[in-house]
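So the structure is just underneath, and the comments pick up after that.
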Amino acid sequence: MSIFIIGIGALLLLGSIAALLTLLTKKKEGEPDVVMPTSGDCSSCDGLDDSCEQVCMMEAATKAIEYYDDEELDRFRGRPSDQYTAEEAEEFATVLYTMQPQEAKGWNRSLILREINVPDQIKDELITMIEG
């Protein structure tokens, strides 16, 4: 019986300590959340580390979608990559060839987030530009 009482007392004591620590470390009302930056940025992903690409894609999904003066491509949302005409693929190529090479990776992410598949006709050029 005394072990039972000691056990209950120990649990109450631990619960009280935990509650006290929670109150002492509780964040003040109105104080903004602190976001800790990651160790690297997405521009350093080289395509060899899948986890880097995944983290960057998840990070990009939480931010507003960046457009590259290509809002007209939104009409292709959901279309399979093998069902573009030559004229439609040329619209993608025009956007691709008017951007800086370092923007190609970001443009590809933008298209992915907007659920736009890159036409098969220009995938090789896009990959070449991304890889440098």
Side-chain angles (χ1 to χ4, degrees):
M1 181 72 167
S2 64
I3 292 177
F4 181 71
I5 293 174
I6 293 173
I8 297 267
L11 284 175
L12 288 174
L13 179 65
L14 287 174
S16 299
I17 291 172
L20 182 63
L21 287 174
T22 301
L23 287 174
L24 292 175
T25 60
K26 184 178 179 183
K27 130 178 145 155
K28 296 177 184 170
E29 293 295 323
E31 188 176 305
D33 291 334
V34 177
V35 177
M36 299 301 292
T38 57
S39 60
D41 65 9
C42 292
S43 64
S44 64
C45 290
D46 58 4
L48 299 176
D49 183 8
D50 289 336
S51 64
C52 181
E53 293 292 330
Q54 183 179 13
V55 167
C56 289
M57 186 59 78
M58 290 173 59
E59 179 182 312
T62 62
K63 295 180 183 176
I65 295 173
E66 182 177 354
Y67 283 83
Y68 291 79
D69 292 328
D70 63 346
E71 292 82 2
E72 69 278 1
L73 299 179
D74 285 342
R75 73 180 191 274
F76 298 119
R77 183 180 193 159
R79 184 181 294 191
S81 63
D82 62 349
Q83 293 185 2
Y84 288 98
T85 65
E87 293 81 25
E88 292 168 339
E90 186 61 34
E91 289 183 53
F92 284 84
T94 300
V95 174
L96 178 64
Y97 296 136
T98 57
M99 67 178 56
Q100 298 293 321
Q102 64 270 17
E103 294 177 318
K105 194 174 211 176
W107 182 59
N108 188 44
R109 279 196 192 106
S110 173
L111 292 175
I112 291 168
L113 293 173
R114 291 158 49 196
E115 299 177 18
I116 301 171
N117 294 310
V118 176
D120 288 345
Q121 295 95 315
I122 68 159
K123 279 185 180 178
D124 290 339
E125 290 91 357
L126 177 60
I127 292 168
T128 301
M129 194 175 278
I130 288 173
E131 291 177 350

Running the 4.5 Å side-chain criterion over Ile, Leu, Val, Met, Phe, Trp and Tyr, what cluster does I8 land in, apart from itself? F4, L12

More than 12 heavy atoms of other residues, nucleotides or ligands under 6.0 Å from CG of D82: yes or no? yes

Taking the hydrophobic residues Ile, Leu, Val, Met, Phe, Trp and Tyr, and joining any pair whose side-chain heavy atoms are under 4.5 Å apart, which ones share a cluster with L111? Y68, L73, F76, Y84, F92, V95, L96, Y97, M99, W107, I116, V118, I122, L126, M129, I130

So which pairs with a foot in residues 91-103 pass salt bridge (charged side-chain N to carboxylate O under 4.0 Å, His left out), sequence neighbours left out? R75-E91

The reported gap from CG in L20 to CD1 in I17 (rounded to nearest 0.5 angstrom) is 8.0 Å

Distance from E115 atom CD to D74 atom CG, nearest 0.5 Å? 10.5 Å

Quick one: name the residues clustered hydrophobically with I6, using the 4.5 Å side-chain heavy-atom rule over I, L, V, M, F, W, Y, and just say none if it's on its own. none

Supply the atom-to-atom distance N108 CG to L113 CG, rounded to the nearest 0.5 angstrom. 9.5 Å

Would you indicate whether I3, at its atom CD1, is surrounded by more than 12 heavy atoms from other residues, nucleotides or ligands within a distance under 6.0 Å? no

Write out all pairs satisfying salt bridge (charged side-chain N to carboxylate O under 4.0 Å, His left out) with one or both partners inside residues 121-132, taking only residues at least two apart or from two chains. D120-K123

Sequence neighbours excluded, the answer for side chain to side chain donor-acceptor pair (under 3.5 Å) partners of R79 is E88

Quick check for you: to the nearest 0.5 Å, what is the distance between T94 atom OG1 and D69 atom CG? 13.0 Å

Which distance, rounded to the nearest 0.5 Å, do you find between the CD of E90 and the OG1 of T85? 10.5 Å

